[in-house]
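In what follows, a structure is listed as structure tokens, so that the remarks can point back to it.
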Amino acid sequence: MNRILVLCIGNICRSPLAQAALARELPGREVWSAGVQAVVGAPADPTSQLIAQENWRDLSAHRAQQLAPWMCQRADVVFVMEAAHLPMLEA
């Protein structure tokens with residue numbers, strides 16, 4: 001499990017935080033995040049940035065990206081932030 005994809009809706013709150021936490025806890029692994037309805041190009045939510053800065057790392061460079069098929073094909077595992085995201089992923 002070397003390539004980990006984390007998904008949420010907009011890719012500005014939960015998935016960037018999960019990405020930062022996983023990257024910190026699993027050094028040497030490739031971890032990235034995306035949204036199933038991403039606010040493409042948007043920075044991480046200010047609250048998420050603050051939480052990350054206080055606990056893991058700086059999210060100021062994060063920019064939201066839309067889920068693309070290649071991401072799923074490249075990932076060894078995909079984590080969704082809630083069960084409702086799974087049908088969106090499967091679609």
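Please read these numbers as outputs of a predicted model, since none were measured by experiment.
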*Could you note down all residue pairs passing salt bridge (Lys or Arg N to Asp or Glu O under 4.0 Å) where residues 31-50 supplies at least one of them, sequence neighbours left out?*
none

_Taking every non-hydrogen atom, the tightest pair across Ala38 and Gln66_ = N-OE1, 2.9 Å

*Linking I/L/V/M/F/W/Y whenever their side-chain heavy atoms sit closer than 4.5 Å, directly or via other members, would Ile9 and Met81 fall into one cluster?*
no

*asked:* Could you check whether any side-chain heavy atom of Pro16 comes within less than 4.5 Å of a side-chain heavy atom of Ser48, counting everything from C-beta outward?
replied: no

*Pairs flagged by side-chain hydrogen bond (donor to acceptor under 3.5 Å, both in side chains) wherever residues 19-29 is involved - sequence neighbours left out*: Gln19-Ser33

*How would you list all residue pairs meeting salt bridge (Lys or Arg N to Asp or Glu O under 4.0 Å) that involve residues 32-42, not counting sequence neighbours?*
none

*For Asp58, enumerate each residue passing the side-chain hydrogen bond (donor to acceptor under 3.5 Å, both in side chains) test, keeping only those at least two apart in sequence or located in another chain.*
Ser60

*Has the side chain of His62 got a donor or acceptor atom that lies under 3.5 Å from a matching backbone atom of Asn11?*
yes

*Examine Val78 and Met1 and state if one hydrophobic cluster contains both, with Ile, Leu, Val, Met, Phe, Trp and Tyr joined whenever side-chain heavy atoms are less than 4.5 Å apart.*
no

*Can you check side-chain contact (heavy atoms from CB on, under 4.5 Å) on Val6 and Leu17, steps first, answer last?*
CA-CA 10 Å; Val6 184; Leu17 279 173; over 6 Å; no

*Phe79 reachable from Leu26 in the ILVMFWY side-chain graph, under 4.5 Å edges*: yes

*Go through the structure and list residues passing side-chain contact (heavy atoms from CB on, under 4.5 Å) with Ala34, not counting sequence neighbours.*
Leu5, Leu7, Gln65, Leu67, Met71

*Exercise: identify the closest heavy-atom pair between Ile12 and Ala64*: CG2-CB, 3.9 Å

_Taking side-chain hydrogen bond (donor to acceptor under 3.5 Å, both in side chains) as the cut-off, I'd like each qualifying pair that reaches into residues 69-82, sequence neighbours left out, listed once._
Arg3-Asp76, Arg14-Glu82, Glu30-Arg74

*asked:* Check for me, please, whether Val77 and Val80 land in the same ILVMFWY cluster - side-chain distances under 4.5 Å, paths through other members count.
replied: no

